[in-house]
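Read the structure below first, then the notes.
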There are 2 protein chains.
Amino acid sequence: MRELVLDILTEQKMAISLSDLEQKFHKSDRVTLYRTLKTFEEKKLIHSIDDGTGAVKYALCKESCQCHPEELHVHFLCLKCQHTFCLNDIPIPFIKLPVNFSIENINMVVKGVCSNCKD
Amino acid sequence: MRELVLDILTEQKMAISLSDLEQKFHKSDRVTLYRTLKTFEEKKLIHSIDDGTGAVKYALCKESCQCHPEELHVHFLCLKCQHTFCLNDIPIPFIKLPVNFSIENINMVVKGVCSNCKD
DNA sequence: ATTAGTTTGCAACTCAGTTGCATAAACTTT
DNA sequence: AAAGTTTATGCAACTGAGTTGCAAACTAAT
Ligand SMILES: [Mn+2]
Ligand SMILES: [Mn+2]
Ligand SMILES: [Zn+2]
Ligand SMILES: [Zn+2]
């Protein structure tokens, strides 16, 4: 199962959710896929994206990725096709927090219309 | 009910979720509070914040707020106390998107430790 | 008082995420 | 190869947030 899931994740151009993944199999168990994604995430093969649609999506990490806050990138949710893209080339800008606030992680999701759905 | 809810929202220093709100009443109906929050949000009295904890939180808007993307601010989730703060003074920085991507909205949540929980 | 519109309460449902437990499969040791 | 051990999978069942339909309670207007 894990190999099949990894294949699917590799060929995706956008992030996919657990139920997206489920539909790529004719016969599959939700829980197995769920646990596979969890395992992959733990091992830092993939990262999860909460784009606010209600279902967490997942995408492959880049080779070097350690999922550290410095190397985080912006995500984009298209409000027309509902696809979520990793904007790997767009790092999350530095934020100056109030005094005594320390930072561990950032989630930044830009919502709008993607180039495919334009017009 | 709406007046009571507005009072509670006004005295909050941080954003609160529906279930937080529910617990501020001895006897209350979840659905009424839910619909009250929806109404307030529609009327732009409050804005909702999805900080990734699984429950949407709500906070009063500033007087002038029209909830337009230009006037959006950063939110902060403390990983220790789980409190979510509006960083009203910290606007969301401008992001240069790939060509033909248009922007309608941004959600930016910084996670870390707040000043109260420091040390 | 009658009517019409609005707000509230209850029941019930959806859907994502999660857990426990038993079985199946894979891997180790003898 | 057989027995024992660990790991992966499948099924059932549950949680919690969010949501909807419907009827009763309330409010305001005629
Ligand atoms: Mn990504
Ligand atoms: Mn806010
Ligand atoms: Zn699109
Ligand atoms: Zn804190």
Side-chain angles (χ1 to χ4, degrees), chain A residues 1-10 12 14-59 67 75 77-79 81-84 105 107 109 111, chain B residues 1-10 12 14-59 67 75 77-79 81-84 105 107 109 111:
Chain A
M1 279 309 280
R2 291 188 185 173
E3 287 175 0
L4 293 174
V5 171
L6 186 58
D7 287 349
I8 290 175
L9 286 168
T10 308
Q12 292 304 308
M14 66 245 346
I16 64 171
S17 67
L18 172 58
S19 44
D20 292 339
L21 186 59
E22 209 183 340
Q23 283 163 14
K24 304 232 173 234
F25 293 92
H26 288 282
K27 189 186 166 297
S28 69
D29 188 80
R30 233 171 80 252
V31 181
T32 302
L33 298 175
Y34 166 74
R35 287 195 269 234
T36 299
L37 291 172
K38 281 270 158 165
T39 307
F40 284 177
E41 192 181 11
E42 247 166 49
K43 304 295 180 190
K44 292 177 177 170
L45 251 133
I46 62 176
H47 61 283
S48 62
I49 305 147
D50 184 348
D51 60 12
T53 53
V56 174
K57 291 176 183 165
Y58 300 86
C67 290
H75 290 104
L77 168 66
C78 174
L79 298 170
C81 64
Q82 293 286 104
H83 287 164
T84 298
N105 204 346
N107 180 32
V109 179
K111 301 174 193 189
Chain B
M1 278 310 281
R2 291 186 185 174
E3 287 174 2
L4 294 174
V5 170
L6 186 58
D7 287 349
I8 290 175
L9 286 167
T10 309
Q12 292 304 309
M14 66 245 346
I16 64 170
S17 67
L18 173 58
S19 45
D20 291 340
L21 185 60
E22 209 184 339
Q23 283 163 15
K24 305 233 172 235
F25 293 91
H26 288 283
K27 189 186 167 296
S28 69
D29 188 81
R30 233 171 79 252
V31 181
T32 303
L33 298 175
Y34 166 74
R35 286 196 269 234
T36 300
L37 291 173
K38 282 268 158 165
T39 307
F40 284 178
E41 191 180 11
E42 248 166 47
K43 304 295 180 190
K44 292 176 178 171
L45 251 133
I46 62 177
H47 62 282
S48 62
I49 305 147
D50 183 349
D51 60 10
T53 53
V56 174
K57 291 175 184 166
Y58 301 86
C67 289
H75 290 102
L77 168 67
C78 174
L79 298 170
C81 64
Q82 294 286 104
H83 286 163
T84 298
N105 203 347
N107 180 31
V109 179
K111 303 175 191 188

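All chains are named by letter (A, B, ...) in the order of the sequence lines, taking the proteins before the strands, and each is independently numbered beginning at 1. Excluded from the calculations below are hydrogen atoms, water molecules and symmetry mates; all remaining heavy atoms, backbone and side chain alike, are included.
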The test is side chain to side chain contact (heavy atoms under 4.5 Å, CB included); show your working for Leu21(B) and Tyr58(B) and say whether it passes. CA-CA 10 Å; Leu21(B) 185 60; Tyr58(B) 301 86; over 6 Å; no
What's the shortest heavy-atom distance between Gln82(A) and Leu77(A), and which atoms? O-CD1, 3.7 Å
Base contacts versus sugar-phosphate-only contacts with protein, heavy atoms under 4.0 Å: please encode nucleotides 21-27 of chain C as B, S and - from 5' to 3'. -------
Quiz question: going by heavy-atom distance under 3.5 Å, is there a donor-acceptor pair between the base of dG18(D) and the side chain of Arg30(B)? yes
Among the nucleotides dT7(C), dG10(D), dG9(C), which one has an atom lying closest to any side-chain atom of Thr32(A)? dG10(D)
Would you kindly compare Leu18(B) and Val31(A) by the position of their nearest DNA chain D nucleotide and give the one closer to the 5′ end? Val31(A)
How is Lys38(A) classified with respect to the nucleic acid when contacts are heavy atoms under 4.0 Å: base, sugar-phosphate, or nothing? sugar-phosphate
Intermediate values then yes/no, side chain to side chain contact (heavy atoms under 4.5 Å, CB included), Leu6(B) and Arg2(B): CA-CA 6 Å; Leu6(B) 186 58; Arg2(B) 291 186 185 174; over 6 Å; no
The residue, Ser19(B) or Arg2(A), whose nearest nucleotide of DNA chain D is more 5′ is Arg2(A)
Length of the CD-P vector between Glu22(B) and dT19(D), whole Å: 15 Å
Kindly compute the distance separating CG (Leu37(A)) from CD1 (Ile46(A)), expressed to the nearest 0.5 Å. 5.0 Å
Side chains of Phe40(A) and Val5(A), heavy atoms from C-beta outward: is any pair under 4.5 Å? yes
Lys57(B) NZ - dG16(D) P separation (whole Å): 16 Å
Rounded to whole Å, please give me the gap between CD in Glu41(A) and P in dG17(C). 11 Å
Atom-pair distance (CG on Asp29(A); C1' on dG20(C)), nearest Å: 14 Å
Given atom OH of Tyr34(A) and atom P of dC11(D), what is their separation to the nearest angstrom? 18 Å
Report the distance from atom OH of Tyr58(A) to atom C1' of dG17(C), rounded to the nearest whole Å. 9 Å
Nearest-angstrom distance from the residue atom CE of Met1(B) to C1' of dT6(C): 15 Å
Here the distance between atom P of dT7(D) and atom NZ of Lys43(A), to the nearest Å, is 11 Å
Taking Asn107(A) for the side chain and Asp50(A) for the main chain, is one N or O donor matched with an acceptor at less than 3.5 Å? yes
One should read off an interatomic distance between Thr32(B) OG1 and Met1(B) CE, to the nearest 0.5 angstrom, of 6.0 Å
